[in-house]
Protein chains: 2
Amino acid sequence: MTNPSAAVTVIIADDHQLFAEGLLSMFAADEEIRCIGKAGSGEELLAKLIHNKPAVIILDIKMPVMDGIKVLQLIKKQYPEIKVIMLSTYADRNTIQNSIANGADGYLFKNANRQELKNAILGAIANNPSFPDLQQSMDSAKERLKLYTLTYNITRKELEIMDLIKVGHTNQQISEILFRSIFTIETHRRNIMQKLHLRSHAGLTRFLFETEF
Amino acid sequence: MTNPSAAVTVIIADDHQLFAEGLLSMFAADEEIRCIGKAGSGEELLAKLIHNKPAVIILDIKMPVMDGIKVLQLIKKQYPEIKVIMLSTYADRNTIQNSIANGADGYLFKNANRQELKNAILGAIANNPSFPDLQQSMDSAKERLKLYTLTYNITRKELEIMDLIKVGHTNQQISEILFRSIFTIETHRRNIMQKLHLRSHAGLTRFLFETEF
DNA sequence: CCTAAAATACCAACTAGTAGGTATTTTATT
DNA sequence: AATAAAATACCTACTAGTTGGTATTTTAGG
């Protein structure tokens, strides 16, 4: 280490031990980043913070019982000086905006790479928060469409509706959001289910989450 | 390294780069295990295997487009000598049994720790596959019940029904599985939704997946 | 410009789940 | 043995989603 005192201290909160331990080893040899702990739940993290305050927290959004956004709120209320980077498996516009609204200092996907995570950490302490860019989101949406088109022949509109179904909207709500007749939405939905070989709404929701759609 | 030639070669297949890279660094300093690659999808993995055969593959079950079980089948068909350890976020009895039926050499949860993963890898090459134990599953079910009871006051029966809902069963099907009246299931479901402050089936399914229930 | 695919819209009959009730039986705990 | 919680069961009216049709308009590609 060239300058150990300058290393950014980090705590990782993720309910998957393997993931948390992986990140720990990832930065074990890093001079700029020093992981000083991990937590398997929001509760555990908050307890740890009482005696051990890092510069940055890497916070998984999807955790049992207390979700990441709630934990973010509590941290920012009690320790506004600690930077928090949210980690998520997928891009939900709502969650991203919620994170921003609650003072997160970054938002990263789990399929980011090591360098991107490091940049996010260093960016956070430099008051340079990084969030998924609109343009980039569009690109990944295109990627996804291409993928789904190839395997299931899902069209642009169908994908759009799948997103809205995943967020939990009913056909009625979707029809209002898209300014279309509910019959149109029903038709799209029917086509989606046919293409994915599904038979029920539950099956569709299941598919959307299981494939990390 | 005391004996480099004896190191078990491993390839990791997971669509989350951070996770895969984390595991790579995790065993970077390990003498017994040598990670020789990673893949972000089933397709990428299969392509890699043509020129680069490891002793063990660590295979995430939940991957876009081609799911882990399908990948497992293809691997075992073409390269029966390669050991495959399945990785999953949660314990779905069906998936575990499917993995066993298709010749997997182990099944691990993502909230296992480093040592458990290492044991699974070494166990796999020693023809000593490790799968979630029935007794252990029961214990984790109890843990989960305790957790949900504390936060939401979910009862044993309600938890049982939540499991069946998650798998995609309708009230009718659940009533047949449990030999109970459909009215009973409806009542339970209503109580579940009330306790979790949810208003629709979609919301419930969403909850079940988002909280990694 | 033509054409095929995609998106739009509608109808009717049906199945599944929700909401607001009530009420009995079973099980666990003092 | 008393009691409280949990599990069971039923009814009605209602909302949401499914299925099997049909048909028109828009859009993108050759």
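Each chain gets a letter, A, B and so on, in the order the sequences are listed, and its residues count up from 1.
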At how many degrees, to 10°, do the end axes of the helix from C/dC1-D/dG30 to C/dT30-D/dA1 meet when each uses five pairs?
-> 60°
Please check the phosphate of D/dA16 (OP1 and OP2 only) for any side-chain N or O of A/Thr170 closer than 4.0 Å.
-> no
For D/dG17, does either OP1 or OP2 sit under 4.0 Å from a side-chain N or O belonging to A/Ser200?
-> no
Does A/Thr155 put a side-chain nitrogen or oxygen below 4.0 Å from OP1 or OP2 of C/dA6?
-> no
Residue B/Thr187, side-chain atoms from C-beta onward, closest of C/dG20, C/dC10, D/dC10 = D/dC10
Would you mind reading off the distance between B/Arg190 atom CZ and D/dC11 atom P, rounded to a whole angstrom?
-> 14 Å
Distance only, no hydrogens: is a donor on one side chain within 3.5 Å (strictly under) of an acceptor on the other, for B/Asn111 and A/Gln17?
-> no
Side chain to side chain contact (heavy atoms under 4.5 Å, CB included) with B/Ile85: which of B/Ile121, B/Ile12, B/Ile57?
-> B/Ile121
Roughly how far, to the nearest 0.5 Å, is the NE2 atom of B/His188 from the CG atom of B/Leu178?
-> 8.5 Å
Residue-phosphate contact under 4.0 Å: A/His201 side-chain N/O, D/dA16 OP1/OP2 | no
Figure out the CD/P separation between A/Glu186 and D/dT22, and round it to whole Å.
-> 18 Å
Residues passing the side-chain contact (heavy atoms from CB on, under 4.5 Å) test with B/Ile182, sequence neighbours excluded, are B/Asn171, B/Gln172, B/Ser175, B/Glu186
Picking from D/dT18, C/dG17, D/dA7, which would you name as closest to the side chain of B/Arg156?
-> D/dA7
Cut-off 3.5 Å, side chains only: do A/His201 and A/Arg189 have a donor facing an acceptor?
-> yes
Side-chain atoms of A/Lys157 come closest, of D/dT8, C/dA9, C/dT8, to C/dT8
Could you give the CZ-to-C1' distance, from A/Arg199 to C/dG17, as a whole number of Å?
-> 18 Å
Winner on side-chain proximity to B/Thr184, out of D/dC10, C/dT8, D/dT8, is D/dT8
